[in-house]
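Below is one structure, written out as structure tokens; comments come after it.
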Amino acid sequence: VRFLERKHDRFVFHLSTRDRTRLAEVLKRFPLLPAGYAARPQPNPGKTTAEARGSDHGLLEAALTDEKRASQKAVQRLLKESSAWRATGDGFRLELTSAQVEWLLQVLNEVRVGSWRLLGCPDPERNPSVALTETNAGHCWAMELCGHFECCLLSALDASA
Amino acid sequence: MVDMAAPASAPDVETVPESATDEKSALDPGYLVICWDDPVNLMDYVTHVFQIVFGWPKPKAEHHMLQVHHQGKSVLAREGLERAEHYVHQLQKYSLHATLERES
């Protein structure tokens, strides 16, 4: 993925055919995180935290679930509709608004964190090796690929700041 | 045990309407927005999220990102309940591990 330019509020990227296929493959995995994941408690519970406020916590979780549902539809639109994509000789031009870039970052990171969770939440500093199997290799691939796409989007935002 | 069918002559106690109490607690600054470390979120990504959610300049966002990375957590804001909940919600939308804590 290559950032080409920023035209007002639109970011223009170049993707090879393989890039586009890979992006579609990881986006199709969305959503991966269970509904209650975002609301998991703090590592060292003690003081009053959000989860103690049961009703508000439920509302927050419901709001996140609704937003994910809307994002899932937006992912399908991005993959199916051609308005954002334009074929070039050696791949595709993808044009995204700044709001779509933010949204895509959220979606990619959801898949990244979800894949990491499915890998058993490995911590490279404590236990660097993850035994790859036929089952979990796809999660590892998706996690790394999402990280790569996130870096491309972040570089584009940084370059155009 | 309290008898719910109490006599009509209730003690003369000044009561505060529930909505007023809720409003007070919602406006009372004393809720901490905390972001916790995890080994999956990219450092540049976390910095970016802090910039977007809090409108911080990059150096401040990086400072808090590094605090999360090295100390395991960072207190990002101290706000009233509603505002603090809003921030936690925004951070969770980006799949960061954020919680709300009542300041002691």
Side-chain angles (χ1 to χ4, degrees), chain A residues 31-33 36-53 56-57 59-61 63-64 67-68 71 98-99 101-103 105-117 119 121-128 143 146-148 150-151 153-155 157-158 161, chain B residues 22 25-26 28 30-53 56-59 61-62 65 68-76 79-104:
Chain A
L32 278 185
L33 291 170
Y37 183 78
R40 63 202 184 282
Q42 63 187 60
N44 304 303
K47 295 170 188 169
T48 307
T49 56
E51 64 269 18
R53 305 172 86 288
D56 288 355
H57 217 52
L59 287 174
L60 185 64
E61 198 173 304
L64 284 168
E67 283 162 6
K68 275 196 182 181
S71 276
S98 53
V101 171
E102 279 306 316
W103 163 79
L105 271 173
Q106 289 177 10
V107 170
L108 285 167
N109 203 55
E110 203 270 0
V111 176
R112 179 173 165 82
V113 176
S115 303
W116 170 74
R117 184 178 163 272
L119 280 168
C121 305
D123 185 345
E125 286 183 9
R126 291 179 188 166
N127 181 18
M143 188 183 90
C146 284
H148 167 71
E150 284 176 37
C151 286
L153 295 178
L154 290 167
S155 296
L157 289 168
D158 208 34
Chain B
D22 288 348
S25 74
D28 175 28
Y31 286 87
L32 306 177
V33 177
I34 300 172
C35 187
W36 300 87
D37 188 31
D38 62 44
V40 65
N41 282 299
L42 301 168
M43 293 165 94
D44 285 348
Y45 176 80
V46 175
T47 302
H48 172 75
V49 174
F50 289 172
Q51 285 181 268
I52 292 294
V53 172
W56 290 341
K58 195 168 183 179
E62 273 176 340
M65 177 277 293
V68 172
H69 184 65
H70 293 302
Q71 296 172 27
K73 69 172 183 174
S74 178
V75 176
L76 304 179
E79 292 284 351
L81 179 58
E82 284 183 17
R83 194 91 185 128
E85 280 182 331
H86 166 76
Y87 284 140
V88 168
H89 179 62
Q90 292 303 308
L91 294 166
Q92 290 181 346
K93 269 172 69 175
Y94 281 90
S95 305
L96 296 192
H97 189 180
T99 59
L100 188 65
E101 190 173 284
R102 185 83 164 97
E103 194 175 30
S104 53

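Just so it is clear: chains get the letters A, B, ... in the order the sequence lines come, proteins before strands, and each one is counted from 1.
Counting heavy atoms from C-beta on, the side chains of A:R112 and B:N41 never come closer than 4.5 Å. B:Y45 is listed as a side-chain neighbour of A:L154, based on a closest heavy-atom distance under 4.5 Å. No side-chain heavy atom of A:C151 sits under 4.5 Å from any side-chain heavy atom of B:D44.
Atom NZ in B:K93 sits 12.5 Å away from atom NZ in A:K68 (nearest 0.5 Å).
For chain B, no part of A:L153 is nearby; none of its heavy atoms comes within less than 4.5 Å. For B:I52, the part sitting under 4.5 Å from any heavy atom of chain A is the side chain, from C-beta outward, and nothing else. Of the two parts of A:L105, the backbone and the side chain both hold a non-hydrogen atom closer than 4.5 Å to a non-hydrogen atom of chain B. Contacts between B:K73 and chain A at a heavy-atom distance below 4.5 Å are absent for every atom of the residue. Contacts of A:E150 with chain B are made by side-chain atoms alone, with heavy-atom separations under 4.5 Å and no backbone atom involved.
Highest contact tally toward chain A, considering only B:L91, B:L42, B:L32, is held by B:L42 [criterion: heavy-atom pairs under 4.5 Å].
When all heavy atoms are compared, the tightest approach of A:A63 to B:H89 is CB-CE1, 3.8 Å. A:N109 and B:S95 get closest at one heavy-atom pair: ND2-CB, 3.7 Å. The minimum heavy-atom distance between A:P124 and B:P39, with the atom names listed, is CD-CB, 3.8 Å.
Every residue meeting the side chain to side chain donor-acceptor pair (under 3.5 Å) condition with A:S98, not counting sequence neighbours, appears here in chain and number order: A:D9.
Side chains of A:E102 and B:H48: a donor on one and an acceptor on the other come within 3.5 Å.
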